[in-house]
Student: 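Submitted below is the structure of interest, expressed as structure tokens.
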Amino acid sequence: KNEVEQSPQNLTAQEGEFITINCSYSVGISALHWLQQHPGGGIVSLFMLSSGKKKHGRLIATINIQEKHSSLHITASHPRDSAVYICADEYGNKLVFGAGTILRVKS
Amino acid sequence: GAGVSQTPSNKVTEKGKYVELRCDPISGHTALYWYRQSLGQGPEFLIYFQGTGAADDSGLPNDRFFAVRPEGSVSTLKIQRTERGDSAVYLCASSLNPGREGADTQYFGPGTRLTVL
């Protein structure tokens, strides 16, 4: 069974802190997705990666295929980063999602 | 350009009723996905269309759930004899053209919040 686990489940940070969210998956994948979900439900794709590292603004995503592990980093966090961050692995053209990490950044 | 749209945004129904949820994908996107998200959980896969055909319906929980995409664009998720446990946010996503290796960015709609009383 393909399982995706995220940690931590909840994370509270002070503005400016460096944040790391971790994701582990159990089955070989086509790609690993990181998504952001704001209150009210809208989901936005942040990254899709199958190897190495990607960077977009203050967000960085890395993946280690051998260890079946990915991390999402946020540098210089800001209250507007507060959201649920979800990782999902793409296997056979469908996404299997983690439960999400609820991030709150306090000013 | 227009993103993925879903209607209605909210649907309240009574146990035992039939409901239809609609998804309009981004124009030109060949792949369409339905997911269901219960409160406090990540979305779970229901069904995936490539063009008009359901390429993978392994996530549909039982035969009360059915989805169609007759012309390869708009899709309708149909739920018969609704139960309280069907209450969730139903999300639709589309992607341009995932190849055999998969791995294409999925664009999500805002979801339909279904409440079964």
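We name chains A, B, ... by the order of the sequence lines, and we start the count at 1 in each one.
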Student: With a 4.5 Å cut-off on side-chain heavy-atom distances among I, L, V, M, F, W and Y, is there a chain of contacts connecting A/Tyr25 to A/Leu72?
Tutor: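 Result: yes, single cluster for both.
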
Student: Could you pull out the closest heavy-atom pair between B/Ser58 and A/Lys94, with the gap in Å?
Tutor: OG-NZ, 2.9 Å

Student: Which answer fits B/Tyr107, side chain, backbone, both or neither, if we ask what part of it has an atom under 4.5 Å from a heavy atom of chain A?
Tutor: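 Answer is neither: B/Tyr107 stays 4.5 Å or more from chain A.
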
Student: Around A/Glu5, counting heavy atoms of other residues, nucleotides and ligands shown, do more than 12 lie under 6.0 Å from its CD?
Tutor: no

Student: Verify whether one side chain among B/Gln37 and A/Gln37 offers a donor that lies under 3.5 Å from an acceptor in the other.
Tutor: yes

Student: Which answer fits B/Gln41, side chain, backbone, both or neither, if we ask what part of it has an atom under 4.5 Å from a heavy atom of chain A?
Tutor: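 Interface part for B/Gln41: backbone (N, CA, C, O).
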
Student: Should the heavy atoms of other residues, nucleotides or ligands under 6.0 Å from CD of A/Glu67 be counted, would the total exceed 12?
Tutor: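 At most 12 heavy atoms, drawn from other residues, nucleotides or ligands, come within 6.0 Å of this atom.
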
Student: Is it the backbone or the side chain of A/Ile86 that comes under 4.5 Å from a heavy atom of chain B, or both, or neither?
Tutor: side chain

Student: Under a 4.5 Å heavy-atom cut-off, does chain B meet the side chain of A/Leu35, its backbone, both or neither?
Tutor: side chain

Student: Could you tell me the separation between the CE atom of A/Met48 and the OG atom of B/Ser95, rounded to the nearest 0.5 Å?
Tutor: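 Rounded to the nearest 0.5 Å, the CE-OG separation comes out at 9.0 Å.
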
Student: State whether the number of non-hydrogen atoms from other residues, nucleotides or ligands found under 6.0 Å of A/Arg104 atom CZ is greater than 12.
Tutor: no

Student: Does the separation of the ring centres of A/Phe97 and B/Phe45 fall below 6.0 angstrom?
Tutor: no

Student: Are any non-hydrogen side-chain atoms of B/Pro43 and A/Ile43 less than 4.5 angstrom apart?
Tutor: yes

Student: Find the distance between OG1 (B/Thr105) and NE2 (A/His33) and round it off to the nearest 0.5 Å.
Tutor: 7.0 Å

Student: Taking CD in A/Gln9 as the centre, count heavy atoms belonging to other residues, nucleotides or ligands within less than 6.0 Å. Is the count above 12?
Tutor: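 Atom CD in A/Gln9 is not packed in, count stays at 12 or less.
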
Student: With a sphere of 6.0 Å drawn around CG of B/Leu39, does it hold more than 12 non-hydrogen atoms of other residues, nucleotides or ligands?
Tutor: no

Student: Look at the side-chain heavy atoms of Ile, Leu, Val, Met, Phe, Trp and Tyr, link any pair under 4.5 Å apart, and say whether B/Phe49 and B/Tyr33 land in one connected group.
Tutor: no

